[in-house]
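Working notes, beginning with the structure itself.
Order of the sequence lines sets the chain letters (A, B, ...), proteins ahead of strands, with each chain counted from 1.
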There are 2 protein chains.
Amino acid sequence: MIGSSGTKEVIMQDEIIANILKSANLSVTASRKKILNLFLSTNGALAHADIEQEADEKMDRITIYRTLQAFVQKGIIHIIPTTDNSIRYALCKDECSEGHHHDQHVHFVCSECHTTYCLEQINVPHVKLPSGFTESQTEVIINGLCAKCHA
Amino acid sequence: MIGSSGTKEVIMQDEIIANILKSANLSVTASRKKILNLFLSTNGALAHADIEQEADEKMDRITIYRTLQAFVQKGIIHIIPTTDNSIRYALCKDECSEGHHHDQHVHFVCSECHTTYCLEQINVPHVKLPSGFTESQTEVIINGLCAKCHA
DNA sequence: ACAACTTTGCAACAAAGTTGCAAAACAATG
DNA sequence: CATTGTTTTGCAACTTTGTTGCAAAGTTGT
């Protein structure tokens with residue numbers, strides 16, 4: 001659900017979503033629209049479990065797995081590394097495309113509420129590697145307390 | 001196994017391992033020595049599966065789980081974030097203690113051979129956070145090709 | 001060497017993820 | 001808008017990964 005916005009906005013959003021799917025060469029189905037909508041209306045990251053809960057109406061676990069896999073492969077979302085053995089996904093920025101993720105922003109994971117924030121504004125600092133090593137992607141994960149969870 | 005070193009060195013290494021365990025308040029058992037030895041003789045990170053393979057002699061899966069948990073809790077090893085839903089562990093440096101991990105070095109994961117290197121020499125750059133956010137730990141994971149896997 | 005305590009291995013269980021296949025939904029035509 | 005070909009979904013069954021309780025075995029300290 002898009003919240004309390006009017007019908008016109010809902011239709012707009014719906015078309016935006018459909019277009020994202022089409023330009024990724026994915027057919028536009030109810031489950032995909034629902035999951036993509038969830039990502040668009042969340043500014044943090046989502047785990048498989050979150051999606052399973054939110055998309056309350058009957059949607060198979062397996063469909064969620066496959067949808068997420070498809071989205072990752074097509075460059076719509078990307079995986080954020082975690083220490084708790086749970087895969088978290090977040091929307092990609094424009095520079096990402098099929099098979100080529102260029103995600104250079106910092107992720108912040110709150111140790112209290114476990115929300116994952118994408119800090120787009122902040123650039124990933126460049127790190128010099130030992131000789132023989134080449135970088136294709138750098139991920140920065142910062143753990144700590146977010147603004148909401150401060151005492 | 002320590003390789004082809006002489007008997008004296010093996011005994012030395014054995015004592016070092018026992019001391020690490022003792023100062024962490026863990027009793028010295030065969031499984032723990034074997035797993036800790038594995039970490040000491042690997043300069044990268046190990047996943048549960050790696051340990052299960054290497055420690056070929058009969059050692060229960062469950063013992064490995066519990067040993068790793070104990071090591072993490074006591075500050076002997078720490079978890080490295082990954083994108084592939086597999087928990088990887090690496091030895092902690094001296095600054096780590098029970099319940100308090102101060103691991104500030106960069107990790108490099110080779111996309112070819114999936115070896116995880118700890119780049120101790122390289123400092124983690126400091127990142128400025130939005131107001132209200134406080135950092136407790138920063139992790140940097142770099143993906144790319146390692147020296148061995150270069151064509 | 002003995003008693004108190006910790007760790008191990010087994011069994012059983014729970015959670016997370018994958019694969020094959022038939023039915024349903026979608027896309028693209030006329 | 002109906003039909004055909006393709007893609008996606010949902011189900012069942014299975015694999016892999018991780019957890020818990022408990023008795024037997026091992027470790028520690030005296």
Side-chain angles (χ1 to χ4, degrees), chain A residues 14-15 17-38 45-74 76-89 98 114, chain B residues 14-15 17-38 45-74 76-89 98 114:
Chain A
D14 209 71
E15 248 174 58
I17 289 173
N19 280 335
I20 295 175
L21 291 173
K22 273 179 202 156
S23 43
N25 263 314
L26 292 169
S27 38
V28 181
T29 69
S31 344
R32 285 177 181 165
K33 284 199 286 185
K34 201 179 282 176
I35 292 181
L36 184 47
N37 188 27
L38 251 176
L46 296 172
H48 177 100
D50 300 323
I51 296 166
E52 204 161 351
Q53 282 193 324
E54 293 288 327
D56 34 22
E57 292 186 45
K58 77 145 188 276
M59 186 193 292
D60 212 69
R61 291 181 326 116
I62 295 145
T63 303
I64 299 177
Y65 282 118
R66 290 195 270 221
T67 304
L68 290 173
Q69 278 172 9
F71 283 7
V72 168
Q73 210 213 324
K74 297 296 183 178
I76 298 175
I77 60 177
H78 66 274
I79 301 176
I80 300 173
T82 56
T83 53
D84 63 350
N85 208 22
S86 79
I87 305 187
R88 281 192 147 57
Y89 303 87
E98 176 153 1
H114 297 105
Chain B
D14 209 70
E15 250 174 56
I17 288 174
N19 281 334
I20 295 176
L21 290 173
K22 274 179 203 158
S23 42
N25 264 314
L26 292 169
S27 38
V28 181
T29 68
S31 342
R32 285 178 180 165
K33 285 199 287 185
K34 201 180 281 177
I35 292 180
L36 183 48
N37 187 27
L38 249 177
L46 295 171
H48 177 101
D50 300 324
I51 296 166
E52 203 161 353
Q53 282 195 324
E54 294 288 328
D56 34 24
E57 291 187 45
K58 78 142 185 279
M59 185 192 295
D60 211 69
R61 290 183 326 117
I62 294 146
T63 303
I64 299 177
Y65 282 118
R66 291 197 267 223
T67 304
L68 290 173
Q69 279 171 9
F71 283 7
V72 168
Q73 209 214 324
K74 298 293 184 181
I76 298 175
I77 59 177
H78 67 274
I79 301 176
I80 300 173
T82 56
T83 53
D84 63 351
N85 209 21
S86 80
I87 305 186
R88 281 192 147 59
Y89 304 86
E98 177 152 359
H114 297 106

Pairwise side-chain contact, A:Ile80 with B:Thr83, heavy-atom cut-off 4.5 Å (strictly under): no
Residue B:Val28, side-chain atoms from C-beta onward, closest of D:dT28, C:dT7, D:dG10: D:dT28
Output one letter per nucleotide in nucleotides 12-20 of chain C: B when a protein non-hydrogen atom lies under 4.0 Å from the base, S when only the sugar-phosphate is that close, - when neither is. ----SBBBB
Take A:Thr29 and B:Thr29, find for each the nucleotide of DNA chain D with the closest heavy atom, and name the residue whose nucleotide sits nearer the 5' end. A:Thr29
State whether the side chain of A:Arg32 and the backbone N or O of A:Ser27 hold a donor-acceptor pair below 3.5 Å, judged by distance alone. yes
Whole angstroms only, please: what is the CG-C1' distance between A:Leu21 and C:dC26? 13 Å
Given D:dT9, is OP1 or OP2 found less than 4.0 Å from the side-chain N or O atoms of A:Ser31? yes
Mind calculating the distance between CD1 (B:Ile35) and P (C:dT8) to the nearest angstrom? 8 Å
Starting at atom CG of A:Asn25, determine the distance to atom P of C:dC26, rounded to an integer number of angstrom. 18 Å
Nearest-angstrom distance from the residue atom CG of A:Leu26 to P of C:dA27: 11 Å
Respond yes when some side-chain nitrogen or oxygen of B:Ser27 is under 4.0 Å from OP1 or OP2 of C:dT7, and no when none is. yes
Heavy-atom nearest pair, A:Leu26 first then A:Ala70, reads CD2-CB, 4.3 Å
Expressed as a whole number of angstroms, how long is the span from A:Leu68:CG to D:dT9:C1'? 15 Å
Candidate pair A:Arg61 and A:Thr63, rule side-chain hydrogen bond (donor to acceptor under 3.5 Å, both in side chains), full reasoning: CA-CA 5 Å; A:Arg61 291 181 326 116; A:Thr63 303; over 6 Å; no
Tell me: NZ of B:Lys22 to P of D:dT28, nearest whole Å? 7 Å
In whole angstroms, the gap separating P of C:dG9 from CE of B:Met59 amounts to 7 Å
Nearest heavy-atom neighbours spanning B:Val28 and B:Ala18: CG2-O, 4.0 Å
Integer-rounded Å distance: C:dT7 C1' and B:Ile64 CD1: 15 Å
Any side-chain heavy-atom pair from B:Ile87 and B:Thr82 closer than 4.5 angstrom? no
Student check: side-chain heavy atoms of B:Ile76 and B:Tyr89 closer than 4.5 Å: no
